[in-house]
Amino acid sequence: MSTSQDGVRLQKVLSSAGVASRRAAEDLIDQGRVSVDGEVVREQGMRVDPDQVVIHVDGVRVVVREDRVYLALNKPRGVHSTMEDDRGRPCVGDYLRGRADKLFHVGRLDAETEGLLLFTNDGDLAHRLMHPSFEVLKTYLAEVPGPVARDVGRRLREGVVLDDGPARVDSFRMVDSYAGKALVELVLHEGRKHIVRRMLEEVGHPVLKLVRTQIGEVRLGNQRPGSMRALNRTEVGALYSAVDL
């Protein structure tokens, strides 16, 4: 456990991170619900260096570094997942102009796909979120030609063979059907290029419209297209938990 006599009192660190008031933070410590560098803390007044320690409350990591930024963009259709575009096309970097932080996007969405895209300056977290070994789930809503046969979900869950190898979804469900079209939800941890579009094409339902609605426990919700918001403490903690940080 890394402590520092010149550091900040643990309850103040927790309060500054928005976990609880200082008094409530003291109660959390008394209850054994706080750990520093993997060790449960029960000592009041412990001083730590927020830039050097890893703090968990109830097993969920608390982000205490004030220089860390975590943002969610609802990427509109037609916007490219690049920070700059040498052909002058709209890109996600347009939504970050004027920010002093050096941010980068976590993964990509193709230009025609809308929805949730994360940005951060936390390189370790971003790397793990993108690495297939951590199997972070991503949820998509796809509008496809209907009707959708009953066996499509089974085929996608069992796996289909694409030109770069087999692929399968973790779950599939029918959301709605209307006027020769259907709305389906797919959850998968695959990250290959155009993977959702190619899988649906393979089972005979080419994508008409595609939106990513969730990454791990972070949901798009009713966030309007083109808007950017900061992730809350619970969302950031859930992302850390998803990749074992």
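- Looking at every heavy atom in both residues, L118 comes nearest to A72 through CD2-CB, 4.0 Å.
- For the atom pair CG (L28) and CZ (R23), the distance works out to 12.0 Å, reported to the nearest 0.5 Å.
- In summary, the side chains of Y240 and D124 do not present any donor paired with an acceptor at a separation below 3.5 Å, with no hydrogens or angles considered.
- Side-chain N or O atoms of R128 include one that pairs as donor or acceptor with a backbone N or O of V243 at under 3.5 Å.
- Between Q214 and K138 there is no side-chain heavy-atom pair separated by less than 4.5 Å.
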**OP:** Could you go through the side-chain contact (heavy atoms from CB on, under 4.5 Å) check for T234 and V236 one step at a time?
**Re:** CA-CA 6 Å; T234 300; V236 176; over 6 Å; no
**OP:** Show the numbers, then the answer: is there a salt bridge (charged side-chain N to carboxylate O under 4.0 Å, His left out) between R219 and E217?
**Re:** CA-CA 6 Å; R219 294 172 171 82; E217 294 300 315; 3.7 Å; yes
**OP:** Would you please test L117 and S81 for side-chain contact (heavy atoms from CB on, under 4.5 Å) and show each step?
**Re:** CA-CA 9 Å; L117 190 61; S81 291; 4.0 Å; yes
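- In this structure, the side chain of R198 engages the main chain of K193 through a donor-acceptor pair within 3.5 Å.
- Taking both residues in full, the closest heavy atoms of A167 and L162 are given as CB-CD1, 3.9 Å, listed atom of the first, atom of the second, then distance.
- Test R197, R77, K75 against T113 for side-chain hydrogen bond (donor to acceptor under 3.5 Å, both in side chains) and you get one pass: R197.
- For V57 against V34, the heavy-atom pair with the smallest separation is CG2-CG2, 4.2 Å.
- Between the side chain of D170 and the main chain of H189, a donor-acceptor pair closer than 3.5 Å is present.
- Under a hydrophobic-cluster definition in which Ile, Leu, Val, Met, Phe, Trp and Tyr are linked whenever side-chain heavy atoms come within less than 4.5 Å, directly or via other members, V106 and F134 are assigned to the same cluster.
- Under 3.5 Å, the side chains of Q31 and R33 contain a donor-acceptor pair of N or O atoms.
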Original post:
Given M199 and E202, is the side-chain contact (heavy atoms from CB on, under 4.5 Å) satisfied, shown in steps?
Top reply: CA-CA 5 Å; M199 292 178 74; E202 182 65 25; 5.6 Å; no
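- Hydrophobic cluster membership is shared by L116 and Y70, with clusters built from Ile, Leu, Val, Met, Phe, Trp and Tyr side chains linked at under 4.5 angstrom.
- Distance check, rounded to the nearest 0.5 Å: CD1 of I29 to CZ of R9 gives 10.5 Å.
- Residues V13 and P50 approach most closely at CG2-CG, 4.0 Å, considering heavy atoms.
- Using modelled atom types, no side-chain atom of N121 and backbone atom of F104 make a donor-acceptor pair closer than 3.5 Å.
- Atom CZ of R224 and atom CG of N74 lie 9.5 Å apart (nearest 0.5 Å).
- There is a path of hydrophobic side-chain contacts, each under 4.5 Å, that joins V203 to V184.
- In terms of modelled atom types and a separation under 3.5 Å, the side chain of D58 and the main chain of V60 share no donor-acceptor contact.
- Rounding to the nearest 0.5 Å places CZ of R47 at 9.0 Å from CD of Q11.
- Residues C91 and R97 approach most closely at SG-NH2, 4.1 Å, considering heavy atoms.
- When hydrophobic clusters are built by joining Ile, Leu, Val, Met, Phe, Trp and Tyr residues whose side-chain heavy atoms come closer than 4.5 Å, directly or via intermediates, L125 is not grouped with V69.
- At distances below 3.5 Å, at least one donor-acceptor pair connects side-chain atoms of S21 with backbone N or O atoms of A24.
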Would you give me the side-chain donor-acceptor pairs under 3.5 Å for residues 140-152, sequence neighbours excluded?
| residue | atom | partner | partner atom | Å |
| --- | --- | --- | --- | --- |
| Y140 | OH | R212 | NH1 | 3.4 |
| E143 | OE2 | Y178 | OH | 2.9 |

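- In this structure, H194 NE2 and D164 CG are separated by 11.5 Å, a value rounded to the nearest 0.5 Å.
- Judged purely by distance below 3.5 Å, without hydrogens or angles, the side chains of Q44 and D30 pair a donor atom with an acceptor atom.
- Hydrophobic clustering of Ile, Leu, Val, Met, Phe, Trp and Tyr side chains at less than 4.5 Å, counting indirect connections, keeps V160 apart from V187.
- Residues P206 and E201 share a closest heavy-atom pair of CB-OE1, 3.2 Å.
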**OP:** Test V92 against E84 for side-chain contact (heavy atoms from CB on, under 4.5 Å), laying out the working first.
**Re:** CA-CA 8 Å; V92 296; E84 295 186 5; over 6 Å; no
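- Here the straight-line distance linking atom CG of L103 with atom CG of L96 works out to 6.0 Å at 0.5 Å rounding.
- If you check the side chains of H80 and T82, you find no donor sitting under 3.5 Å from an acceptor.
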